[in-house]
Undergrad: 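Here it is, the structure in full.
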Amino acid sequence: MTVVGFIRIKCNDLMENSQKIGELISSGRFHEAIGVLTESIAQSPDEDNLYFQRGKLKWRIGDRTGAANDYSMAIELNPHSPAAFALEQARDVADFFNPDLYNP
């Protein structure tokens, strides 16, 4: 197999998984979408966008630590990833403290 053939197969796999992930998200099956993303990451561990997408889904289901970890990995792979802004927002949420919420 040539390098071009390998790249073409890899791109096709990523496109198929991307479509499947979109369908799962649209139907509210977030845990399954995370599973597909995890499989995609295993096949393409250098794709920062996969970590970013999985991080967004983890945030959505309430796994804040997992989301922050995925955002950090995406940033490590690509410092210009949109995960940098997502991680900043996640940290802002974690750092938020409102004493009035605890002392009505």
Side-chain angles (χ1 to χ4, degrees):
M1 175 182 304
T2 66
V3 172
V4 173
F6 175 75
I7 292 171
R8 188 171 294 135
I9 290 170
K10 185 175 177 181
C11 287
N12 287 339
D13 288 346
L14 288 174
M15 286 177 29
E16 286 175 18
N17 282 348
S18 178
Q19 191 172 28
K20 184 177 182 179
I21 292 163
E23 291 169 4
L24 291 168
I25 292 169
S26 293
S27 63
R29 295 161 52 194
F30 304 125
H31 287 89
E32 290 178 56
I34 289 170
V36 173
L37 280 163
T38 300
E39 291 172 10
S40 296
I41 288 169
Q43 294 173 6
S44 303
D46 295 333
E47 293 289 333
D48 64 285
N49 190 49
L50 295 174
Y51 289 97
F52 175 54
Q53 295 299 324
R54 188 174 70 176
K56 290 193 315 182
L57 284 173
K58 286 182 177 181
W59 184 269
R60 198 165 182 180
I61 64 169
D63 180 4
R64 306 296 193 235
T65 303
N69 289 339
D70 279 347
Y71 295 154
S72 293
M73 187 62 186
I75 295 165
E76 186 177 313
L77 293 169
N78 175 11
H80 303 290
S81 169
F85 183 66
L87 182 59
E88 181 181 329
Q89 288 183 322
R91 288 181 177 155
D92 287 346
V93 168
D95 292 341
F96 178 75
F97 176 74
N98 183 346
D100 292 336
L101 293 175
Y102 298 106
N103 300 311

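As a basis for the values below, the full set of heavy atoms in this structure was taken, side chains included, without hydrogen atoms, waters or symmetry mates.
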Undergrad: What's the spacing between D70 CG and K56 NZ if we round to 0.5 Å?
TA: 12.5 Å

Undergrad: Compare every heavy atom of S44 with every heavy atom of L50, then report the nearest pair and how far apart it is.
TA: CD1-O, 3.9 Å

Undergrad: Roughly how far, to the nearest 0.5 Å, is the CD1 atom of I61 from the CZ atom of R64?
TA: 10.0 Å

Undergrad: What about F96 and F85, same hydrophobic cluster or not, with Ile/Leu/Val/Met/Phe/Trp/Tyr joined at side-chain heavy-atom distances under 4.5 Å?
TA: no

Undergrad: Where do P45 and Y51 come nearest, in terms of heavy atoms and distance?
TA: O-CE1, 3.3 Å

Undergrad: Using the side-chain contact (heavy atoms from CB on, under 4.5 Å) rule, take N69 and K58 through it: C-alpha gap first, then chi angles, then the decisive distance, then the call.
TA: CA-CA 10 Å; N69 289 339; K58 286 182 177 181; over 6 Å; no

Undergrad: Can you tell me how far CZ of R91 sits from CD of E88, rounded to the nearest 0.5 angstrom?
TA: 9.0 Å

Undergrad: Compare all side-chain heavy atoms of I34 with those of D63 and state whether any distance is below 4.5 angstrom.
TA: no

Undergrad: Taking side chain as C-beta onward, heavy atoms only, is R54 less than 4.5 Å from I41?
TA: yes

Undergrad: With a 4.5 Å cut-off on side-chain heavy atoms, are P82 and Y71 touching?
TA: no

Undergrad: Kindly give the heavy-atom pair with the smallest separation between W59 and A67, and that separation in Å.
TA: N-CB, 3.6 Å

Undergrad: Tell me if a side-chain donor or acceptor on S27 pairs with a main-chain N or O of L24 at a distance below 3.5 Å.
TA: yes

Undergrad: If you compare all heavy atoms of S72 against all heavy atoms of L87, which two are closest, and at what distance to 0.1 Å?
TA: OG-CD2, 3.6 Å

Undergrad: Would you find more than 12 non-hydrogen atoms of other residues, nucleotides or ligands less than 6.0 Å from Q89 atom CD?
TA: yes

Undergrad: If I compare all heavy atoms of P79 with all of A84, which pair ends up nearest, and what's the gap?
TA: O-CB, 4.3 Å

Undergrad: What's the spacing between L57 CG and L37 CG if we round to 0.5 Å?
TA: 6.0 Å

Undergrad: Which residue, R29, K20, E23, forms the side chain to side chain contact (heavy atoms under 4.5 Å, CB included) with V36?
TA: K20

Undergrad: State the CG-CE distance between D48 and M73, to the nearest 0.5 angstrom.
TA: 10.0 Å

